[in-house]
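Worksheet: the structure to be examined is printed underneath.
All values below come from the heavy atoms of this structure, side chains included, with hydrogens, waters and symmetry mates left out. Just follow the structure's listing: the first ligand is 1, and inside any ligand the first atom is 1.
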Amino acid sequence: MSMTSLTEYAVTAFYKFLPLDADRLPQLRDNMEEWGKANGLIGLLIFAREGCNGTVAGAPETISQFKSFLTELLKTPDIDFKDSVSKRRPFRRLAVQLRREAVTAGREGAVDEAQRRALSPEEWHSLLESGEDVLLIDTRNAYETEIGKFRGAIDPQIEKFTEFKEFIEQAGLPKDKKVLIYCTGGIRCEKAIVDVMNAGYQDVFQLSGGILKYLEKFPNAHYEGECFVFDNRVAVRQDLTPSETYHLCPHCGQPGKEKISCLRCGDEGIICARCAEQSKLTCSKDCNYQLNFQREKKARRERARAALQGA
Ligand SMILES: [Zn+2]
Ligand SMILES: [Zn+2]
């Protein structure tokens, strides 16, 4: 089935922690890959011994069939899918991968069901509405919090999720307060909550389904800005439609919104603030390379000329 004709892609993000037998993983991957290719599915799916994680896109009917297929494949009835849409093709192709972890935290395993304390978007919302004095902690990376977060949330300023554990161990926040943690779709909190509890915080809750599920129910409320997502949309707005502000910076791959006129080719481009500060005022890696090459050549010529004149 050709995907090029789609005017709108259905996108769904999901994860499920459940023990998957290592011997079974290659078969799961092959089955998923085969079904996906036959049905025009694109996106990224990860299978690990601790479970699966992914975001996929396709025609709306493909995505609803995919949900049944995955549910049957994993033999688990309660996978929570977070849906959104995209007018642009959100992924180039389908990738089904086997990894050590479904989400990389540096250790396998999530919070176990007995310890897990999750708030539904409704419970989360009314707690924030109540004005209760809580510690609201974002578990995402700095390039994600930069473009949007819950009002008043503590931003750990981490570069990758594996740094969260160290952050919470050293944060020195009051341990008697209620702690609320959240991430994009909920998966990182399944691991982060273990770190927060191990660091001695007593009363810890995670946002079930993450920001994406919250925005589905409560746009323009306690979450401010846009929400970074891991596909070509870069970010989604409050109504879960793709960002029109942010693009992936061609130089470093992080979200950016600085409009520039390329110093080499003159085309308009969008880069991130950090690369703009470093004067990478070009529309692409290639233009940046060519521009530096020209500059070096010119500098060499000038040095040679100066040397001749000095002789
Ligand atoms: Zn950049
Ligand atoms: Zn250019």
> Between SG of Cys287 and SG of Cys283, what angle is found at the Zn ion (ligand 2), rounded to 10 degrees?
Replying inline: 110°
>> How long is the straight-line distance from NZ of Lys87 back to CG of Leu6, given to the nearest 0.5 Å?
In response: 11.5 Å
>> Pair Asn292, Glu296 - check side chain to side chain donor-acceptor pair (under 3.5 Å), show working.
In response: CA-CA 6 Å; Asn292 284 337; Glu296 270 169 40; over 6 Å; no
>> For the residue pair Asp239 / Thr241, report whether a side-chain donor-acceptor contact shorter than 3.5 Å exists.
In response: yes
>> Closer than 3.5 angstrom, by distance alone: can the side chain of Tyr143 be matched with the main-chain N or O of Gly253 as a donor-acceptor pair?
In response: no
>> Going by ring pair (Phe, Tyr, Trp, His ring centres under 6.0 Å), Tyr223 matches just one of Phe150, Phe218, Tyr214. Which one?
In response: Phe150
> What protein N, O or S atoms come within a distance below 2.8 Å of the Zn ion (ligand 1), ordered by chain and number?
Replying inline: Cys249 SG, Cys252 SG, Cys272 SG, Cys275 SG
>> Once salt bridge (charged side-chain N to carboxylate O under 4.0 Å, His left out) is applied, what residue pairs with a partner in residues 264-285 remain, sequence neighbours excluded?
In response: Glu146-Arg274
